Amino acid sequence: MVSVVENLQLVQNEIEISRSKRTMAKNALVTLVAVTKNHGVEMMQQAIDAGVKNIGENRIQEAAEKFKSLNSEVTRHLIGHLQTNKAKQAVRLFDLIHSVDSENLAAAIDKAAYSIGKIQNVLIQVNLAKEDSKFGVYEENLENLIARVDALQNLRLCGFMLIAPNYSDVENCRPLFRRMNEIFVEVGKARQNFDILSMGMTHDYKIAIEEGANLVRIGTAIFGERNY
Ligand SMILES: *Cc1c(COP(=O)(O)O)cnc(C)c1O
């Protein structure tokens with residue numbers, strides 16, 4: 001049996017240890033997003049009862065069903081890829097969309113947000129390692145996408161999201177996290193409400209935090225392995 005409460009405690013401890021190893025932004029806190037995808041509502045509720053304030057899901061349909069039976073106040077994060085034709089549902093369901101990676105998608109979210117009178121908080125997902133298997137904008141196209149998002153009235157750009165490659169030696173992620181943080185700090189200099197750097201999952205969150213992440217998305221370390 002997985003103990004969500006115990007796992008959460010372990011993860012929180014590790015987060016604090018990694019924070020203490022930071023050389024920069026030493027005081028910035030780390031938001032823990034508990035990733036409940038492929039787990040039932042009971043697990044989600046257990047985490048919330050144990051104090052979790054942020055929930056991450058990667059599929060619209062699954063999230064819609066699970067959120068229906070939730071009666072607690074939590075912040076809802078869309079961490080997975082979003083198709084433009086699902087933007088309408090996404091803006092109703094989620095407080096923060098982590099996966100904006102194209103002008104088309106940004107425009108679709110903007111339109112959907114407008115239609116319900118919402119300013120949608122978003123992150124741009126960056127594919128620094130240029131992995132074919134992953135979504136995210138390449139670094140050389142980032143500036144253009146930021147400008148496009150800025151031009152849309154119903155989006156608020158709050159930061160960046162990165163998914164690091166699944167290296168067998170997790171230390172290989174470090175330069176990517178470091179580079180992402182550099183870009184985040186640089187871009188943030190001239191901006192307001194730009195304060196979220198979403199990077200780090202179960203296998204790499206400690207290094208991500210050491211390199212500046214202030215939001216981590218963790219599933220397996222809290223809920224155990226997922227059965228697909
Ligand atoms: C599934 C997922 C996570 C959580 O992964 P774990 O390895 O289970 O911690 C984090 N971020 C994204 C984008 C995901 O899809």
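Numbering of ligands and ligand atoms starts at 1, following listing order. Treat the numbers as computed from the prediction; the structure is a model and nothing was measured.
Near I218, meaning under 4.0 Å from any of its heavy atoms, are these atoms of ligand 1: 9 (O). The R217 neighbourhood of ligand 1 comprises atoms 4 (C), 9 (O), 10 (C), 11 (N), 12 (C), 13 (C), with distances under 4.0 Å to a heavy atom of that residue. Within ligand 1, counting atoms from 1 as listed, the ones closer than 4.0 Å to a heavy atom of T202 are 6 (P), 7 (O), 8 (O), 9 (O). Shown in contact with I163 at under 4.0 Å from a heavy atom are these atoms of ligand 1, numbered in order with element: 13 (C).
Connection of V126 to Y205 is established within a shared hydrophobic cluster, with ILVMFWY side chains joined at heavy-atom distances below 4.5 Å, either directly or through further cluster members.
The closest approach between H203 and ligand 1 stays at or above 4.0 Å for every heavy atom of the residue. At a 4.0 Å cut-off, not a single heavy atom of H98 sits close enough to ligand 1 to count as contact.
For ligand 1, the polar-atom distance check finds an N/O of T220 within less than 3.5 Å of one of the ligand's N/O atoms. The shortest N or O to N or O distance between G219 and ligand 1 is under 3.5 Å.
A salt bridge is defined here as a Lys NZ or Arg NE, NH1 or NH2 lying under 4.0 Å from an Asp or Glu carboxylate O, and E182 with R179 meets this definition. Taking a cutoff of 4.0 Å between a charged side-chain nitrogen and a carboxylate oxygen, E211 and R174 qualify as a salt bridge.
Put simply, the side chain of L93 does not reach to within 4.5 Å of the side chain of R76, judged on heavy atoms.
Taking the six-membered ring where tryptophan is involved, the planes of F223 and H39 are tilted, since the angle between them lies from 30° to 60°.
Annotation for R22 and E210: closest pair CG-O, 3.6 Å, computed over non-hydrogen atoms.
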